[in-house]
Amino acid sequence: MKTYRQMADLLTSAGHDALAVYDERLVGERDEHILSVCQEEQRVLITLDLDFSDVRTYPPPKYHGLIVLRLHRQD
C-alpha cells in the first residue's frame, strides 16, 4: 500500500488529481471494474499489472490512458 500511496502523493504534489486504488476502495477488485471506475472519473490508470498491456483486450483509444510500468525491481 505504501508504494501506491507514495506514487499518488508524488503525482498530486506535481499538480495532478491522483488517487491510489486504496483511496477508491478498489483493492482486490476485478480489472474490468477498476477500469470502469477510471473511465467514469476520466482517469489514467498507472499500474504494474501486465494484464493491462494487452492492446487487444484494452485498446488504447477506448480509454483515457493506460500506463503499465515495468520496473527493474518490483519489491
Side-chain angles (χ1 to χ4, degrees):
M1 174 171 83
K2 186 177 179 183
T3 304
Y4 297 108
R5 184 70 254 148
Q6 288 173 325
M7 177 60 75
D9 289 344
L10 177 67
L11 290 168
T12 299
S13 69
H16 301 283
D17 177 16
L19 296 170
V21 291
Y22 296 95
D23 300 327
E24 295 276 295
R25 296 189 175 115
L26 294 172
V27 177
E29 291 290 338
R30 293 183 6 259
D31 291 349
E32 294 79 15
H33 180 65
I34 293 171
L35 268 180
S36 72
V37 171
C38 289
Q39 287 302 95
E40 281 178 28
E41 297 181 4
Q42 298 181 356
R43 295 187 180 278
V44 172
L45 176 65
I46 302 173
T47 183
L48 299 173
D49 187 343
L50 279 178
D51 291 345
F52 291 106
S53 65
D54 183 351
V55 296
R56 294 166 298 176
T57 303
Y58 304 106
K62 186 176 175 185
Y63 301 99
H64 291 282
L66 296 172
I67 300 171
V68 179
L69 301 177
R70 298 310 303 152
L71 307 177
H72 180 68
R73 290 182 51 184
Q74 294 191 43
D75 57 347

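- Counting heavy atoms from C-beta on, the side chains of Glu41 and Glu24 come closer than 4.5 Å.
- Contact annotation: the side chain of Ser36 never approaches that of Gln39 to less than 4.5 Å [non-hydrogen atoms, C-beta and beyond].
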Self-check item: Step-by-step side chain to side chain contact (heavy atoms under 4.5 Å, CB included) determination, Leu35 to Leu66
Solution: CA-CA 9 Å; Leu35 268 180; Leu66 296 172; 3.3 Å; yes
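- Residues satisfying the salt bridge (Lys or Arg N to Asp or Glu O under 4.0 Å) test with Glu40, not counting sequence neighbours, are none.
- Between Leu45 atom CG and Ile34 atom CD1 the span is 7.0 Å, to the nearest 0.5 Å.
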Just distance, no hydrogens or angles: give the donor-acceptor pairs under 3.5 Å from side chains in residues 7-19, sequence neighbours left out.
from  : atom 1 : to    : atom 2 : distance (Å)
Asp9  : OD1    : Arg5  : NE     : 3.1
Asp9  : OD1    : Arg5  : NH2    : 2.8
Thr12 : OG1    : Ala8  : O      : 2.8
Ser13 : OG     : Asp9  : O      : 3.4
Ser13 : OG     : Leu10 : O      : 2.8
Asp17 : OD2    : Arg43 : NH2    : 3.4

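- Taking CG of Leu50 as the reference point, atom CG of Leu69 lies at 10.5 Å (rounded to 0.5 Å).
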Would you tabulate the side-chain donor-acceptor contacts of residues 55-65 under 3.5 Å, counting partners in other chains and residues two or more places apart, or write 'none'?
from  : atom 1 : to    : atom 2 : distance (Å)
Arg56 : NE     : Asp54 : OD1    : 3.1
Thr57 : OG1    : Asp54 : OD2    : 3.0

